[in-house]
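Each chain gets a letter, A, B and so on, in the order its sequence line appears, and its residues count up from 1.
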Number of protein chains: 2
Amino acid sequence: MPNESKSRTVRKDEREAVICTVDVVLLTLEAGRLRFVLVPREAAPFKGVAALPGGFVHPLEDRDVRACAERVLKAKAGVEGQWLEQLSVFSGKARDPRGWSLSVAWFAVVHCDLLRATLPANAQLRDAGDLSGLPFDHDDIVRAALERLGSKSSYSSLPAHLCPETFTLPQLQAVYEAVMGEPINKVSFRRKMEELAFLEPVEGGMTRGGAHRPAQLWRLKEDYRARLKLTDRGLNSGS
Amino acid sequence: MPNESKSRTVRKDEREAVICTVDVVLLTLEAGRLRFVLVPREAAPFKGVAALPGGFVHPLEDRDVRACAERVLKAKAGVEGQWLEQLSVFSGKARDPRGWSLSVAWFAVVHCDLLRATLPANAQLRDAGDLSGLPFDHDDIVRAALERLGSKSSYSSLPAHLCPETFTLPQLQAVYEAVMGEPINKVSFRRKMEELAFLEPVEGGMTRGGAHRPAQLWRLKEDYRARLKLTDRGLNSGS
DNA sequence: AGAATAGTGTCTGTGAGACATTATCTG
DNA sequence: CAGATAATGTCTCACAGACACTATTCT
């Protein structure tokens, strides 16, 4: 950390300044497809272009970069987010025409109903397969987020945050399959869910289902719900 | 990214500035024990205190934060490092008495002979179990590095970088065990190594061993040696 | 020969996937 | 009752660990 070589001191002139920002890949699952949020940029560069929700780090307002990401998420996408996890830092001279920049990239996950309820009108949901036309290195950031999502999902409670409050096991399985991009064995899936034990059954089947046997409803156990605050266990620590 | 809320613009006064730094946890294995490098801080705060090798991000010199970490590693520990991987960002107002700071933490790995050869005289190797007296939040950073090391090791080629150029399988197994903190089944270990296929045998056994059967020497295949440049696959991307 | 460690062959239990069967709804 | 999907029981195969045995050196 702050160990300055003695020949130089902290200079604050334009050329030395580091532009510190945060970018969030906010993912959701809608109609079985992964999508992420883009909002039009309010200022130059790339003014008006659809970009990841992001913003400068504000030392006076933000307790740390996590708080900064939460603030940006709330301001740009109107969402609190149910899962927020640090991805990686993207940095360098080339990525931002204004100069040398450092962006702490995050990835977040919400259920699409929650998202739709508060998403600003000018925001768009882009299909995860389409990374065309993104400004800066936002395509790289989205790719990193998708990769992380895939690798983190088998098996954590993460994908359950793409579901509504309550859900059936077949629904949840479909989400896992969408996120990991491959079919899962039904029996194995159920065994795994039971073993991991972060689900609890809800009273009352799924009566209004259709012409078939109703399914049991489940929800995340209490401990696994308040993700935003408690994330950052395991690999990713720090804020 | 850079989407500034319209009520404020980038102000460069002291209170708004973000202190951008890099800190590296440089790990090695010596006499079967994990150790990490500490160097005395050259300037206030904590002048003279043993701290992680670190320094300010220099936009004029550093291509990106990875290059910055490499520069710091070279300057403070005299080492090029064989594995360098982004850990996480540590940030906030409290961690540095000078003000709101953002440190990109890295973890690096070297063989102890290489390290000892160029380590500055004022540096020290601290046992991984001893996190006492570290300045800033360096104890948190080291903890994160150790956790990452443990979780990333089973089974990647990472621990092999804690070995000399050539090594025997029993030696390598001991390294894995030290890093993961638990004994490994010999047969499983060998099966795994063969399956992962990043090792190749070296001509000539380990004749001068002792009163027992000599062991085959192995080394990392070409592709797995130049780690510094190629890392950042899988989870951690960006720089 | 005996001690010590390297390296290999084989057995077994665990767990994941495939498949089949039973259960429960609607029309 | 037929059709549809949920839920569960069971078989098999792959794999990881345990154990035992063989191999090769030095004293």
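- Per the geometry, CZ belonging to F189(B) stands 14 Å off C1' belonging to dA6(C), to the nearest Å.
- Taking atom CD of residue Q216(B) and atom C1' of nucleotide dT25(D), one finds them 15 Å apart after rounding to whole Å.
- A close approach under 4.0 Å does not occur between any side-chain nitrogen or oxygen of N185(B) and OP1 or OP2 of dA16(D).
- The side chain of A215(B) approaches dG7(C) more closely than any other nucleotide in the set dG7(C), dA6(D), dC25(C).
- Between the CG atom in L169(A) and the CG atom in L217(A) there is a gap of 9.5 Å [rounded to 0.5 Å].
- If you check dG17(C), dG17(D), dA6(D) against the side chain of S188(B), the one that comes closest is dG17(D).
- The K192(B) side chain lies nearest to dA16(D) when the options are dA16(D), dA7(D), dT25(D).
- Under 3.5 Å, the side chains of R219(B) and T166(B) contain no donor-acceptor pair of N or O atoms.
- For the pair L217(A) CG and dC25(C) P, the interatomic distance rounds to 14 Å; values are reported in whole Å.
- Rounding to the nearest 0.5 Å gives a distance of 8.0 Å between NZ of K186(A) and CD of Q173(A).
- Distances shown here put every side-chain N or O of K186(A) at or beyond 4.0 Å from the OP1 or OP2 atom of dA6(D).
- In this structure, V109(B) and F107(B) approach most closely via the heavy-atom pair CG2-CE1, 4.2 Å.
- Atom CD1 in I184(B) sits about 17 Å away from atom C1' in dA6(C), given to the nearest Å.
- Rounded to whole Å, the distance from CZ on R191(B) to P on dC11(C) is 13 Å.
- For the atom pair CD of E85(B) and CZ of R148(B), the computed distance is 4.5 Å after rounding to the nearest 0.5 Å.
- Straight-line distance from the CD atom of Q173(A) to the C1' atom of dA16(C): 13 Å, rounded to whole Å.
- Contact annotation: R190(A) reaches the phosphate of dA7(D) (side-chain N/O to OP1 or OP2, under 4.0 Å).
- Which of dT8(D), dA6(C), dG9(C) sits closest to the side chain of V187(B) comes down to dG9(C).
- Atom CE of M193(B) is separated from atom P of dC15(D) by 16 Å (rounded to the nearest Å).
- Atom OH of Y176(B) is separated from atom P of dA16(D) by 14 Å (rounded to the nearest Å).
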